[in-house]
Amino acid sequence: MNQIYQYLSSSNVIFFNSMQRATKKRVFEEACLAFQMSGVPHTQVFEALYARERLGNNALGAGVALPHCEIEGLKQPIVTIVLLQRPIHVDPTPYDTKPVDIFFFLIVPKTDNDDEYLPLLRECIAMMEDKTLCAKIRKAENAVEVCACIMDWVAPTVLARESKEDALENEWDILNEEVKAQLKQEQGVTSLTVAAVENNS
């Protein structure tokens, strides 16, 4: 089991057949149309995805790319998968220079905590680097089969442990902040008390 499958619906799995001329821009456009059907404005997500693309290469190699970004006002993560029968070359070029035929799009809510969805992104990377899974996805004949592949994938134990450690670290940070705030408040009360005593003297 994994946490990714809950953010993917069959309506967000798109197939490009061999007769369709695919380009990176068109793939992004199709993905953004799917996101729009999920309630996210097309232009907003398209611009956010391309802005993230300019920051670095999102191609994982072995024919897979993982475009992702944060979206203001989004309530929960959404995944869209675009599959091409004919792989295309993308820019920036993947480290292995192989053309891409699996585009795994991930958008997450923009929050004050930049690391909140980092465990989910790590899991998506691990999933898309699983060559056995990708082979199954490439053989899938329809969106339901693709979703079944995603649902059946089991996340590595190390990822679950890292996620738990991240959660504990986050709780510890929150606790430390609460302690600091409490100490600051107590120091403020002490200062007022001392000042009152000195004034009475």
Side-chain angles (χ1 to χ4, degrees), residues 1-5 7-35 38 40 42 45-71 77-108 117-159 162:
M1 192 62 70
N2 61 80
Q3 60 176 327
I4 300 169
Y5 78 93
Y7 304 123
L8 173 68
S9 66
S10 58
S11 60
N12 281 45
V13 178
I14 303 166
F15 289 86
F16 271 69
N17 62 45
S18 59
M19 299 299 292
Q20 292 175 290
R21 183 176 177 276
T23 63
K24 180 179 176 180
K25 183 178 180 181
R26 186 174 177 190
V27 169
F28 273 62
E29 288 279 4
E30 291 294 328
C32 292
L33 287 174
F35 285 128
S38 300
V40 187
H42 175 280
V45 67
F46 184 85
E47 291 178 351
L49 283 168
Y50 256 93
R52 178 61 185 80
E53 284 286 300
R54 288 192 288 269
L55 294 178
N57 196 337
N58 289 311
L60 302 179
V64 180
L66 205 168
H68 58 281
C69 68
E70 296 177 320
I71 298 292
I78 307 176
V79 170
T80 290
I81 299 177
V82 181
L83 303 173
L84 313 181
Q85 283 192 4
R86 297 174 62 182
I88 61 173
H89 290 280
V90 296
D91 184 31
T93 304
Y95 73 91
D96 62 358
T97 71
K98 289 185 177 181
V100 176
D101 63 345
I102 298 178
F103 286 84
F104 186 102
F105 290 86
L106 171 68
I107 61 175
V108 300
Y117 291 100
L118 189 56
L120 178 61
L121 179 58
R122 288 175 184 162
E123 191 169 293
C124 289
I125 292 172
M127 173 181 280
M128 289 294 98
E129 288 182 338
D130 186 327
K131 294 182 179 180
T132 301
L133 173 70
C134 289
K136 291 179 180 179
I137 290 175
R138 289 184 173 101
K139 291 179 181 178
E141 296 184 356
N142 54 57
V144 174
E145 290 185 7
V146 172
C147 289
C149 290
I150 299 298
M151 182 178 291
D152 292 343
W153 183 78
V154 179
T157 305
V158 64
L159 286 179
E162 287 176 352

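Values below: all heavy atoms of this structure, side chains included; hydrogens, waters and symmetry mates excluded. Numbers for residues simply follow the sequence, beginning at 1.
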Subject >> Full working for side chain to side chain contact (heavy atoms under 4.5 Å, CB included) between Ile107 and Phe105 >> reply: CA-CA 7 Å; Ile107 61 175; Phe105 290 86; 5.9 Å; no
Are any non-hydrogen side-chain atoms of [X] and [Y] less than 4.5 angstrom apart?
{"X": "Cys134", "Y": "Ile102", "result": "yes"}
{"X": "Glu129", "Y": "Ile125", "result": "yes"}
{"X": "Arg86", "Y": "Phe16", "result": "no"}
{"X": "Val79", "Y": "Asn12", "result": "no"}
{"X": "Asn17", "Y": "Leu84", "result": "no"}

Hey, what do you get for [atom1] ([X]) to [atom2] ([Y]), rounding to the nearest 0.5 Å?
{"X": "Asp101", "Y": "Ile88", "atom1": "CG", "atom2": "CD1", "result": "9.5 Å"}
{"X": "Gln3", "Y": "Cys124", "atom1": "CD", "atom2": "SG", "result": "7.5 Å"}
{"X": "Leu8", "Y": "Met151", "atom1": "CG", "atom2": "CE", "result": "9.0 Å"}
{"X": "Met127", "Y": "Cys149", "atom1": "CE", "atom2": "SG", "result": "9.5 Å"}
{"X": "Cys147", "Y": "Tyr5", "atom1": "SG", "atom2": "OH", "result": "12.0 Å"}
{"X": "Phe35", "Y": "His42", "atom1": "CZ", "atom2": "NE2", "result": "11.0 Å"}

Considering non-hydrogen atoms only, spot the tightest contact between [X] and [Y] and give its length.
{"X": "Ile137", "Y": "Ile150", "value": "CD1-CD1, 3.9 Å"}
{"X": "Leu60", "Y": "Tyr95", "value": "O-CE2, 3.2 Å"}
{"X": "Ala48", "Y": "Ile71", "value": "CB-CD1, 3.7 Å"}
{"X": "Leu83", "Y": "Ile81", "value": "CD2-CG2, 3.7 Å"}
{"X": "Asp96", "Y": "Ala62", "value": "OD2-N, 2.6 Å"}
{"X": "Phe103", "Y": "Pro67", "value": "CD2-CG, 4.4 Å"}

Original post:
Hey, mind stepping through Glu70 and Arg52 against side chain to side chain contact (heavy atoms under 4.5 Å, CB included) and telling me if it holds?
Top reply: CA-CA 9 Å; Glu70 296 177 320; Arg52 178 61 185 80; over 6 Å; no
**OP:** For side chain to side chain contact (heavy atoms under 4.5 Å, CB included), just list the numbers for Met128 and Leu133, CA-CA rounded to whole Å, side-chain angles, deciding distance to a tenth of an Å, and then say yes or no.
**Re:** CA-CA 8 Å; Met128 289 294 98; Leu133 173 70; 4.2 Å; yes
**OP:** Hey, can you tell me if Phe46 and Tyr50 have their rings parallel, tilted or perpendicular (30° and 60° cut-offs)?
**Re:** tilted
Original post:
Can you list the residues that meet the side-chain contact (heavy atoms from CB on, under 4.5 Å) rule with Thr97, with sequence neighbours excluded?
Top reply: Thr93
Counting N and O atoms only, with roles assigned by atom type, does the side chain of [X] sit under 3.5 Å from a partner on the main chain of [Y], one being a donor and the other an acceptor?
{"X": "Asn2", "Y": "Trp153", "value": "yes"}
{"X": "His68", "Y": "Leu66", "value": "yes"}
{"X": "Asn58", "Y": "Ala65", "value": "no"}
{"X": "Glu123", "Y": "Pro119", "value": "no"}

Subject >> side chain to side chain contact (heavy atoms under 4.5 Å, CB included) evaluation trace for Val40 with Ile78 >> reply: CA-CA 10 Å; Val40 187; Ile78 307 176; 4.0 Å; yes
**OP:** Answer yes when Lys24 and Asp91 have at least one side-chain N-carboxylate O distance shorter than 4.0 Å, and no when they do not.
**Re:** no
Original post:
Got a sec, which residues hit ring-ring contact (aromatic ring centres under 6.0 Å, His included) with Phe15, two or more places apart in sequence or on another chain?
Top reply: none
